[in-house]
Structures are given as C-alpha cells and as structure tokens.
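A quick write-up on the structure given underneath.
Here is the naming used below: chain letters follow the sequence lines, and residue numbers restart at 1 for every chain. Please read these numbers as outputs of a predicted model, since none were measured by experiment.
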There are 2 protein chains.
Amino acid sequence: MTESKVPDIIIGRMPMYLRALTRMAEEGKTITSSQELGTRLGLSSAQIRKDLSQFGEFGKQGTGYNIDFLAEQIRRILKVDGLWEVALIGIGHLGTAIANYGGFVDRGFQVAALFDNQPDIIGKQIGRLTVQPMQTMVEEIRHKKIRIAMITVPAKVAQQVADACIEAGVRSILCFAPTSITTPKGVRVEYSDPVLHLQRMTYYLQS
Amino acid sequence: MTESKVPDIIIGRMPMYLRALTRMAEEGKTITSSQELGTRLGLSSAQIRKDLSQFGEFGKQGTGYNIDFLAEQIRRILKVDGLWEVALIGIGHLGTAIANYGGFVDRGFQVAALFDNQPDIIGKQIGRLTVQPMQTMVEEIRHKKIRIAMITVPAKVAQQVADACIEAGVRSILCFAPTSITTPKGVRVEYSDPVLHLQRMTYYLQS
DNA sequence: TAGATTGTTAATCGATTAACAATC
DNA sequence: TAGATTGTTAATCGATTAACAATC
C-alpha cells in the first residue's frame with residue numbers, strides 16, 4: 001500500500017547525486033548536507049531531501065549525510081553496486097574512444113563485447129577485447145546474458161541494430177546515433193547526442 | 001507585454017524536434033503531423049503543438065507541417081542556422097573522436113580550435129587543426145571570439161579549465177567530464193556523461 | 001464537401017518549494 | 001545546551017493533457 005512508484009524524474013537525479021558524492025569523497029570530505037549538495041548541483045536543498053526520502057532515511061538531524069554511506073545506498077538503489085556487462089556496437093572513432101574509456105568500471109559497468117560490420121575493423125584488438133562481426137552479435141549477447149547495449153553506429157542503421165540487440169535479450173539501450181529509436185515496452189532507451197546539448201544553449205547566446 | 005519567457009524545458013525539446021524532422025526529410029518525407037512527430041519521439045501530439053505555438057504558427061489545419069519549413073524555423077529559433085565555432089579542450093581518446101566527428105557542421109557547429117597540455121599531444125594534427133598548448137588557450141579563444149567550449153579533460157581539472165574558458169569569453173560549456181562545474185550567471189553548462197544515462201536505466205532492470 | 005489537423009483554452013496532473021516539528 | 005539539519009506536510013507553482021472551434 002506504500003508501494004507507490006518513484007517518479008522517473010527522481011530516478012534521473014539519483015546518478016547526479018552519486019556522482020557529486022563520489023567527487024566529494026575524492027576531495028577527502030566525509031560529511032555533507034542537502035544544502036551543500038544542492039549548491040553543487042544547482043538544486044534546492046528541499047528537493048534533495050525530498051528525493052532521498054523516497055528511498056529511506058539516510059541522514060542525521062543537525063549533522064547531515066555521511067558521504068560514503070549515502071553513496072553506497074544510492075549505488076544499491078540504482079543497482080550499480082555490482083558490475084553490468086555492456087555490449088558496444090559500432091567501433092568507429094567514437095566506439096573506439098568508448099571502448100578505451102577507463103571510467104566505466106568503478107561506476108558499475110564493463111564493456112564486455114565489441115561488434116562492427118566493416119571488414120577492416122573486425123578483428124581489431126582493443127584492450128582485452130576483439131571486435132567481432134555483426135553476424136555473431138545476437139548469439140554472443142544471448143550467450144553472455146548481456147542486458148545493456150551502447151550503440152555507436154550511423155543513424156541510418158541504429159534502429160535495426162537496436163532491434164537485433166533487443167531480440168538478443170538487451171533491455172537497456174544507450175543510443176549515440178543522432179536519431180530516435182522505437183522499442184517495445186520493457187526496453188528503455190536513453191540518448192547521448194552532444195549536438196542536442198549544444199543546440200539547447202545557442203538559443204540563449206546572443207549571436 | 002506578450003514578452004513571456006519560453007520555458008527552458010520547451011527549449012530543451014526543440015533540438016529533438018529538429019533532429020526528428022531532419023531524419024524525416026532524409027527519408028524523403030515532405031509533410032508531417034504533431035501526431036506522427038509525437039509517436040516518433042514518445043510525446044503527445046498536444047505537447048508538440050503547444051511547444052511549437054510558443055514561437056508562431058507553423059502548420060496548416062487539416063494538413064500538418066511542411067518538414068523543411070518547420071526545420072528551418074526551428075533552426076532560426078535555436079540560432080543554429082549559421083555555424084558556431086567551438087573550442088575543444090582535452091585531446092585524449094574522447095577529444096580525438098569528437099575532433100574527428102563529421103556530424104557537427106550540418107547541425108550548426110564547427111570545431112575550430114584544439115587544446116591540451118600534454119607535450120606528446122600538443123602539435124598533433126587532426127583534420128585541418130593542430131593541437132595547441134593550454135597556455136595559448138585564453139588568448140586564442142578571445143581572438144577568435146569563440147563562445148562555446150567542449151571540455152573533455154579529467155574531472156579533477158574540469159573546473160579550472162572551465163574558469164579559463166569563461167575568462168576568455170566562452171558563454172556555453174558542454175562538459176564531458178564526470179563532474180559538476182559551477183559558473184557565473186550568464187554562462188550555461190550542459191553535461192554529457194554516458195554513465196549517468198546507464199545508471200538511470202539499471203534501476204529498472206531486474207538484476 | 002468531408003475529413004483531418006492545427007492552435008488554444010481550461011482542467012488536470014505532478015513537481016517544487018516553503019516551512020517547521022523533530023531531534024541529533 | 002544551542003545550533004544545525006533532517007524528513008515531511010501543505011501550499012504553490014508549472015507542465016501536460018483533453019477537448020474543440022477554426023479552417024485548410
């Protein structure tokens with residue numbers, strides 16, 4: 001009966017809180033407050049307390065929040081206290097940069113398989129991984145029980161690659177191609193398109 | 001008196017509309033409707049009509065919207081009908097991928113200067129650009145009157161790089177480092193952190 | 001014309017904020 | 001203790017949706 005669903009918009013802010021807490025810990029801090037977190041993130045302290053209260057009581061009146069403790073709770077809530085294997089499809093410039101990126105593992109993710117369909121890219125070695133041909137993708141994702149894919153292919157083929165990923169069992173897709181893709185219920189998509197962010201800012205610039 | 005400010009959240013959706021329209025045009029379509037756009041983007045048709053009505057009347061009753069015309073209007077509204085020069089700071093794996101990315105120009109942006117502080121990276125040639133040392137950054141950005149920067153440096157130095165950019169005249173920053181940065185009023189920041197997107201989706205996955 | 005779709009209004013829904021008792 | 005900050009309630013604010021006259 002207290003089973004009310006946490007709003008998506010709050011789930012969307014939790015990773016920001018986790019990131020800020022991680023930075024604070026790196027800076028050697030051990031305690032923070034909703035006020036301090038809010039200032040860092042440009043949010044009100046009330047909003048941060050309200051958001052966190054959706055999941056439990058993590059603070060102490062008069063003192064604030066223990067940074068390590070709160071970070072650990074948020075990791076547990078978001079289920080990033082383990083390590084998710086992620087498939088990466090499209091090993092061009094961007095895909096290569098992502099495959100080489102060292103910042104995934106300590107935030108809960110590991111690139112576990114690379115795919116492309118270009119003959120000159122297949123077989124390429126990146127770290128401990130070898131780029132595999134697209135034809136093997138569905139079987140490989142299914143076999144490894146991978147649930148998350150990052151798609152860095154051209155916009156034109158993003159939908160069909162996404163479809164294949166979903167067929168193979170993927171349930172979360174991070175799409176880097178500048179296009180929207182449609183997915184059946186139960187499959188989430190998020191988009192990472194830097195140009196979208198740039199275009200959001202030019203409106204406010206005086207040309 | 002009708003000078004009411006357009007909500008940020010609507011400005012944030014306009015680039016999505018533009019991207020969808022561009023894809024439709026590529027597919028050879030010439031006309032669309034709020035209904036069709038909504039289906040593609042996962043939004044209600046009412047919301048799309050309401051958003052567009054903030055800026056004018058772009059459609060025809062009974063017919064819908066001319067895709068090329070509406071796209072052009074949105075480009076004008078967002079001020080991406082020209083070409084903004086952008087500085088890119090931090091030429092590691094990700095910075096290199098971004099410098100090589102071909103998808104900026106036809107969406108209103110051009111990477112116009114590259115900076116890094118690593119001796120083995122300075123002088124590197126990417127396309128028609130040469131990586132310049134950080135020491136020259138402020139002068140160079142000021143001289144070229146660049147207003148937009150993309151920051152792909154480690155989190156630890158992101159704030160100081162941002163500060164230098166702002167000193168040089170930058171007013172919009174796209175931060176790829178996994179950290180929040182604070183800026184004075186009048187300077188906008190957006191963040192591109194793929195891990196944030198991934199962490200938003202794991203909550204909904206059954207582990 | 002008949003059918004379709006816009007632009008807009010009013011109603012609904014949901015998110016944010018202000019305020020404060022509880023308490024460390 | 002006195003000061004500080006939480007968790008929560010109620011009030012406010014803003015965004016979304018439903019509905020429809022206007023009209024192509």
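When every heavy atom of B/Val111 is checked against every heavy atom of B/Leu129, the shortest pair comes out as O-CD1, 3.4 Å. Contact between B/Tyr204 and A/Ile11 at its shortest, heavy atoms only, is OH-CG1, 3.5 Å.
Between A/Asp193 and B/Arg107, at least one side-chain N (NZ, or NE/NH1/NH2) sits under 4.0 Å from a carboxylate O, which counts as a salt bridge. A salt bridge links A/Glu27 with A/Arg40: the closest approach of a Lys/Arg side-chain nitrogen to an acidic carboxylate oxygen falls below 4.0 angstrom. Remark: A/Arg76 does not engage A/Glu72 in a salt bridge, criterion side-chain N to carboxylate O under 4.0 Å. In this structure, B/Glu26 pairs ionically with B/Arg23, as a charged nitrogen and a carboxylate oxygen lie closer than 4.0 Å.
A heavy atom lying under 4.0 Å from DNA chain C marks the following residues of residues 20-56 of chain B, by number: B/Ser33, B/Ser34, B/Arg49, B/Lys50, B/Ser53.
For A/Gln159 and A/Asp163, the side-chain atoms include at least one donor-acceptor pair closer than 3.5 Å. With 3.5 Å as the limit, one finds a donor-acceptor pair spanning the side chains of B/Thr32 and B/Glu36.
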When Watson-Crick pairs (N1 to N3 and N6-O4 or O6-N4) and G-U wobble pairs (N1-O2 and O6-N3) count only below 3.5 Å on both distances, what is the dot-bracket string of DNA chain C, with | for other-strand pairs?
..||||||||||||||||||||||
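Nearest-nucleotide positions on DNA chain C for A/Pro7 and A/Gly62 put A/Pro7 closer to the 5' end.
Taking 4.5 Å as the limit, some side-chain heavy atom of A/Ser45 sits within range of a side-chain heavy atom of A/Arg49. Inter-residue side-chain proximity for A/Pro133 and A/Asn117 is flagged as unmet; no heavy-atom pair is nearer than 4.5 Å.
Running 5' to 3' along DNA chain C, contacts with non-hydrogen atoms of chain B at under 4.0 Å begin and end at C/dA4 to C/dT9.
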